[in-house]
Q: 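Let me give you the structure first, and then I'll get to my questions.
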Amino acid sequence: MSDKARVAVFLSGAGSNMAALLHASHLPGAAYEIVLVASNDPAAPGLALAEAEGIPTFALAHKGMSRDAHDAAMEAEVLRAGADHIALAGYMRILSDGFVGRWPGRMLNIHPSLLPRYKGLDTHARAIAAGDTAGGVSVHLVTPDLDAGEVLGQLAVAIRPGETAETLAARVRMAEHQLYPHVLNRYVARHHDSDWLLARVRKLAMAMPEAEERDSHGAPGFRTSGRSGKFFAYFSDRHHGEPHIALLAKTSGVDEMTDLIARDPERFYRPAFYGASGWVGIVLNRRDTDWDQVAHWIARSWRSVAPRRLTGLLDAADAF
Ligand code: GAR
């Protein structure tokens, strides 16, 4: 099976953003595919666009249904399609907190303003009325607070003298079609992006008491501070010709390292040079990396090299 993210798109109208997402998904290197286009309006032109391209569609008018019942029917269809992400693209209905809460970090929306400015409706008219010199578009993660989730990307579009909401909307739309596929692609591919992975490892490693970062043989390393400081973690980005982006952490010795690899050879490996002294490689560039386990290994590795002065403090804290 391909490692691409499987995206369901929700829309209520023309579907031009859905079309931008769909066509971009056919470009070389795309990290996602569209597996479903669903709408609360059976007459939405966006549905016909998707059908013409052979994409499965689903439509259910919301009139006369409770929000929960309508959301449940939409979500059931998403799950049936095997989607792992939902992209809202002009879906003009607020989703229930329950639905949104089941898709944390896996539901995105495109909103026609430079958030946090102008949440909600009539964004272009409000930007013009405020005398702004630019409007724009944002792609953000969906959380129960309307248009308030983490912003993943934005593009500004100039507001010209004499601009109307309609002329601005049309030009912002062009920016939308550039931004959404780019941001969605980058977002679903982040598990393979070494900058993103290093930032996550760095955050966990630097949270250990008195940790400092120091390069070691060209790889970012993390060590305890001071003259007798010792390394407890390395970030290996395909170092020494290895195929993985990985965390190197200290085990109790070669026996434990060998045992870990035997038990889970997809996740653990023997790193060049370091393996000889019991360091294990933990593969990070996978969609299903268990970051609690990565945090556990960083803490354990730190504990094995940190001075008693520091581990003692943590032991005392753990006892309470
Ligand atoms: C887009 O401009 C999108 O930003 C906006 O609806 C339009 C849908 O156009 N979304 C919102 O206002 C969400 N609150 P499209 O159907 O052609 O993609």
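The figures here come from the full heavy-atom set of this structure, side chains too, leaving out hydrogens, waters and symmetry mates. Order of appearance sets the numbers: ligands from 1, and atoms from 1 within every ligand.
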Q: Nearest heavy atom to atom 15 (P) of ligand 1 wins, so pick from Gly90, Gly46, Ser16.
A: Ser16

Q: Looking at Trp103 versus His85, is the centre-to-centre ring distance below 6.0 Å?
A: no

Q: For His217, look at atom NE2 and say whether over 12 heavy atoms of other residues, nucleotides or ligands are found less than 6.0 Å away.
A: no

Q: What class does the angle between the rings of Phe222 and Phe232 fall in, given that below 30° is parallel, 30 to 60° is tilted and above 60° is perpendicular?
A: tilted

Q: Answer with yes or no whether Leu11 contacts ligand 1, where contact means a heavy atom under 4.0 Å from a ligand atom.
A: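 No heavy atom of Leu11 comes that close to ligand 1.
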
Q: Under 3.5 Å, N or O to N or O, is Gly15 touching ligand 1 that way?
A: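 So ligand 1 has an N or O lying under 3.5 Å from an N or O of Gly15.
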
Q: Could you tell me the residue and atom name of the protein heavy atom closest to atom 9 (O) of ligand 1, and the distance to it rounded to 0.1 Å?
A: Arg173 NH1, 3.7 Å

Q: Are side-chain N/O atoms of Ser12 and Asn40 paired as donor and acceptor at under 3.5 Å?
A: yes

Q: Looking at atom 10 (N) of ligand 1, what's its closest protein heavy atom, distance included?
A: Ile110 O, 3.7 Å

Q: Is it the case that ligand 1 has an N or O less than 3.5 angstrom from some N or O of Asn109?
A: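 Between Asn109 and ligand 1 (N or O atoms, distance only) the closest approach is not under 3.5 Å.
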
Q: List the atom of Tyr269, the atom of Val283, and the distance in Å for their closest heavy-atom pair.
A: CD2-CG2, 3.9 Å

Q: Got the closest protein heavy atom to atom 1 (C) of ligand 1, with its distance?
A: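 That would be Glu176 OE1, 3.1 Å.
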
Q: To the nearest 0.1 Å, how far is atom 14 (N) of ligand 1 from its closest protein heavy atom, and which atom is that?
A: His111 ND1, 3.7 Å

Q: Output yes when Asp288 and Arg267 qualify as a salt bridge under the 4.0 Å nitrogen-oxygen rule, no when they do not.
A: yes

Q: Students should be able to answer this: which protein heavy-atom is nearest to atom 11 (C) of ligand 1, and at what distance?
A: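 Going by distance alone, atom 11 (C) of ligand 1 is nearest to Pro112 CD, 3.6 Å.
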
Q: Would Arg190 and Tyr187 count as a cation-pi pair here, with the cationic atom under 6.0 angstrom from the ring centre and within 45° of the axis?
A: yes

